[in-house]
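Just so we're on the same page: letters track the sequence lines, and every chain starts at 1.
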4 protein chains.
Amino acid sequence: MTRNRLREAAMKLFGEKGYDGTALSEIAKEVGVKTPAIYAFYENKEDLFMTVFREAMQLYNTFIQELLKDQRSFGAKESLHRVLTRQYEFYQQNPEASLIVLRYVIFPPTFLKETIEEAFLQSDELLTNIIEQLIKQGIEEGVIREQPVQLLVDAFLNLMDGLSMQYFYYTSREVYERKLNHAFEMYWNGATTR
Amino acid sequence: MTRNRLREAAMKLFGEKGYDGTALSEIAKEVGVKTPAIYAFYENKEDLFMTVFREAMQLYNTFIQELLKDQRSFGAKESLHRVLTRQYEFYQQNPEASLIVLRYVIFPPTFLKETIEEAFLQSDELLTNIIEQLIKQGIEEGVIREQPVQLLVDAFLNLMDGLSMQYFYYTSREVYERKLNHAFEMYWNGATTR
Amino acid sequence: MTRNRLREAAMKLFGEKGYDGTALSEIAKEVGVKTPAIYAFYENKEDLFMTVFREAMQLYNTFIQELLKDQRSFGAKESLHRVLTRQYEFYQQNPEASLIVLRYVIFPPTFLKETIEEAFLQSDELLTNIIEQLIKQGIEEGVIREQPVQLLVDAFLNLMDGLSMQYFYYTSREVYERKLNHAFEMYWNGATTR
Amino acid sequence: MTRNRLREAAMKLFGEKGYDGTALSEIAKEVGVKTPAIYAFYENKEDLFMTVFREAMQLYNTFIQELLKDQRSFGAKESLHRVLTRQYEFYQQNPEASLIVLRYVIFPPTFLKETIEEAFLQSDELLTNIIEQLIKQGIEEGVIREQPVQLLVDAFLNLMDGLSMQYFYYTSREVYERKLNHAFEMYWNGATTR
DNA sequence: GATGAATGAGATTTCATTCAT
DNA sequence: GATGAATGAAATCTCATTCAT
């Protein structure tokens, strides 16, 4: 139990204050335990961090893999829009994991720059594939205008990245939802046949 | 001189390794000076950081203000596209300042969360105004289809944010330029009259 | 144990060399421990000092309170003389605590001027009351000549203060005892009926 | 000029905050000059302190020597009382020097314990002599009762020491003057023929 | 599993002092 | 005389980590 509570506290604090900005003692205190207790479960700070990061990354990966299941059930437009809302839901339901992923993908601590880049490229690739399929589906369906797939994919991924950043610095829910819908609407305007 | 070289070294290191991850001794060593020399020029670590952050923020603000000058000289489409390429140039020409702004706007050290948020909201507002004007101009010119301005603005800002994030984790120049152009093309498809 | 030994070493060194003149490393070394060990028991230097000062002050207060118990058992003359000898004994048996009280009552470190003044005024008041009672007792007994009580109290307290100072700069035992007895004899000459 | 202003600032600060508690930079700032300027006039911190201490000690010595001049002009009672009031005046007119003398006679910094003890014993001896003469004069005059001179001297010096201490921890003027007069009155009661 | 005690390494900061200008 | 720049030494304090219990 303590093991998990430590991991959760670490996830929260590493996300909020960063790896160097978080002392093991803070994590221990959050759990109501003394610092050395951490070493009963984790080899050292790095190990705890890696555990946390892996878990966050895995949650994120799972989320992306689940995007696959939805696919064929809806039309392309709804599917793409759902990708955005589900990303949004994921952020809301896993705020700490999301923060970790975002933070350390952009700003990895020196000692695991490479590990993180690899881990992330994988899920980035998977996501790219999913989007690509949805778009192809849309083209097949005739709702998306015939045009280079990469153009549509790049733009959509860009849209997702923009929304990710905005999620973490605009706190207001309404503002964010408006931005999400506006961004998608414009995208769809550009993508759709008319 | 030393004062400036310290500031530059600090900008580089705070950007790369974060506030807590950067020791004053590293900054001093980079400049070829002993740690206490820093205190001849800056009150303490926080002061040095704030100086660095303010400078970076000011460079960024200046960049945004200069976007204004371009405005009427081109058509709306070119103007908007130029906003993106100039942002790109700014990142290339001021890689350290950009990194600082991006990093600390999203992940401020606890002790200056508020200061940073304020500072950033200002330039965000200015940027929003500029984009809004360009879009209105485009509507007047008849090249942008009549539709709610906020829709167009939100989507464009989202696009810029997406590109900002991508700039810092896709190192390849070609990939980035492709993404920039694709994102803009899709945007313009959605915005333009046809 | 270490906690107490640190407190004792601190009491000794703070008394001898002053707050600013004593490095935590000296205190640690005296106890045979490394400096950071101090932080396992005391929050910081100030905390250690305050602990030490409070303890010294409390020893002193206890000493004063115990003066009360003696009271009625002897005649006024012997009682007053005993006050002096017991103060003397207290200094001898608690040389470090005495030094701390004396030193920091007169020369408090800036950061606790007020705390110390308050703490001291309390015991000063108690002492005043005790002396006052002894003197009234003496007047009742008829051994002290009828005269304003405050006159007798002020003079006696002054005498005690004088002896306190002298205790710390005349090291010789004989000299001190002579001075004590002379001072008291003269006092009594002035106080007594004849 | 700067030399003197530095000495004055040092006297004030060394008196208030102690040798270790006073940074050269504070002294310099008080004078409106940068720290290294001090080294144009004084070899180092110790030198500055010793200059200050010597000056204070010399003022004190001068004061004691001037007590001699008064001597035969008044009766013994008035002379002795004048010793106290002049000591009081000295404290009032030279608060900083007095504080220095008092502080470092009781609590010398380790590096000049011996120097200070010597310096002080001299003036202590001189003072003792003066008091002794006044008392002998009083006995000759017949106003002081025949009794061992040392008894009277010890008691009087004790009285002076008590008043010195009290001067520095009772701030109120009225209280101090009352205490002075009361202490002397009692002393005189014990000393005088009746 | 958990903790108290302790430490080594190192971080920030202060300060007396030097030196070239 | 005075200062700006710099430093060595050292002080306070933090923190990850170890180890015996």
Phosphate oxygens OP1/OP2 of dA6(F): is one of them under 4.0 Å from a side-chain N or O of T2(B)? yes
I need the CD1-P distance between I27(D) and dC15(E), as an integer number of Å. 11 Å
Short question: side chain of Y104(B), backbone of Y19(B) - any donor-acceptor pair under 3.5 Å? yes
Can you see which heavy atom on K45(B) is nearest to which on F14(B), and at what distance? CE-CE2, 4.1 Å
Would you mind telling me which residue lines up with the more 5' stretch of DNA chain E, G32(C) or N44(B), judged by nearest nucleotide? G32(C)
Check whether any side-chain N or O of Y42(C) sits under 3.5 Å from a backbone N or O of L6(C) as a donor-acceptor pair, and report yes or no. no
I need the CZ-P distance between F14(B) and dA11(E), as an integer number of Å. 13 Å
According to the interplanar angle, ranging from 0 to 90°, do the rings of Y91(D) and Y167(D) count as parallel (below 30°), tilted (30 to 60°) or perpendicular (above 60°)? tilted
Determine the contact category for S25(B): base if any of its heavy atoms lies under 4.0 Å from a base atom, sugar-phosphate if only primed atoms, P, OP1 or OP2 are that close, otherwise nothing. sugar-phosphate
Checking contacts here: which listed nucleotide (dG4(E), dT17(F), dA5(F)) is nearest the side-chain heavy atoms of F41(B)? dA5(F)
Among dA6(E), dA5(E), dA2(F), which nucleotide sits nearest the side chain of V33(C)? dA6(E)
Taking a pair to mean Watson-Crick or G-U wobble geometry with both distances below 3.5 Å, dA9(E) pairs with dT14(F)
Both T22(C) and R3(B) contact DNA chain F. Which one's nearest nucleotide lies toward the 5' end? R3(B)
If we call it a pair only when both distances are under 3.5 Å in a Watson-Crick or G-U wobble match, what pairs with dG4(F)? dC19(E)
If you check the L24(C) side chain, which of dC13(F), dT7(F), dA16(E) turns out closest? dC13(F)
Contact nearer the 5' end of DNA chain E, comparing E46(B) with M1(C): M1(C)
Base, sugar-phosphate, or nothing: which does A23(C) touch, judged by heavy atoms less than 4.0 Å apart? sugar-phosphate
Please report the distance, rounded to the nearest Å, between NZ in K34(A) and C1' in dA6(E). 16 Å
Separation of atom CG in D20(D) from atom P in dC15(E), rounded to whole Å: 11 Å
Could you tell me how far apart E43(C) (CD) and dT12(F) (P) are, to the nearest whole angstrom? 16 Å
Tell me: NZ of K29(A) to P of dA2(E), nearest whole Å? 18 Å
Starting at OH of Y19(A) and ending at C1' of dC15(F), how long is that distance when rounded to a whole Å? 11 Å
Could you tell me whether a side-chain N or O of R103(B) sits under 3.5 Å from a main-chain N or O of E16(B), the two making a donor and an acceptor? yes
So, applying salt bridge (charged side-chain N to carboxylate O under 4.0 Å, His left out) with K12(B), which one of E30(B), E96(B), E26(B) is it? E30(B)
Students often get this wrong, so: under 4.0 angstrom with heavy atoms, is Y39(A) touching a base, only sugar-phosphate, or nothing? base
Let me know the distance between OH of Y42(B) and P of dT14(E), rounded to the nearest Å. 17 Å
Please check the phosphate of dT12(F) (OP1 and OP2 only) for any side-chain N or O of K45(C) closer than 4.0 Å. yes
